[in-house]
Chemist: 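Handing you this structure, nothing more for now.
Values below: every heavy atom of this structure, side chains too, minus hydrogens, waters and symmetry copies.
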Amino acid sequence: MATFTILIALFIAGWAAAAVIGTQAYFRGEQTKPIHERNWRSESFEQLAKTITGQDIDYKDRVPAYRMDAYASNNLPE
């Protein structure tokens, strides 16, 4: 019975560690990826990413992804 309890505890600890590492990796990756123009200053993403990673987004590393697409073409002067 004690062995089974230890195995369950190890499984839960391993799952929690993987979730924390995966979340950190996702948000750190997202903080440096190219971003679409309409999401450039997403306050909610910035706040969530800073809470999870403890780091501000460096906009020198983060560049716009798509220079011309359907969204950007709507902003062109006539």
Chemist: Check for me, please, whether W15 and L7 land in the same ILVMFWY cluster - side-chain distances under 4.5 Å, paths through other members count.
Modeler: no
Chemist: Kindly say whether I52 contributes a backbone atom to a donor-acceptor pair with the side chain of Q24 at under 3.5 angstrom?
Modeler: yes
Chemist: Consider side chain to side chain contact (heavy atoms under 4.5 Å, CB included). Of I6, I12, L10, T5, which one does I8 pass it with?
Modeler: I12
Chemist: Rounded to the nearest 0.5 Å, how far apart are OG1 of T53 and OH of Y26?
Modeler: 12.5 Å
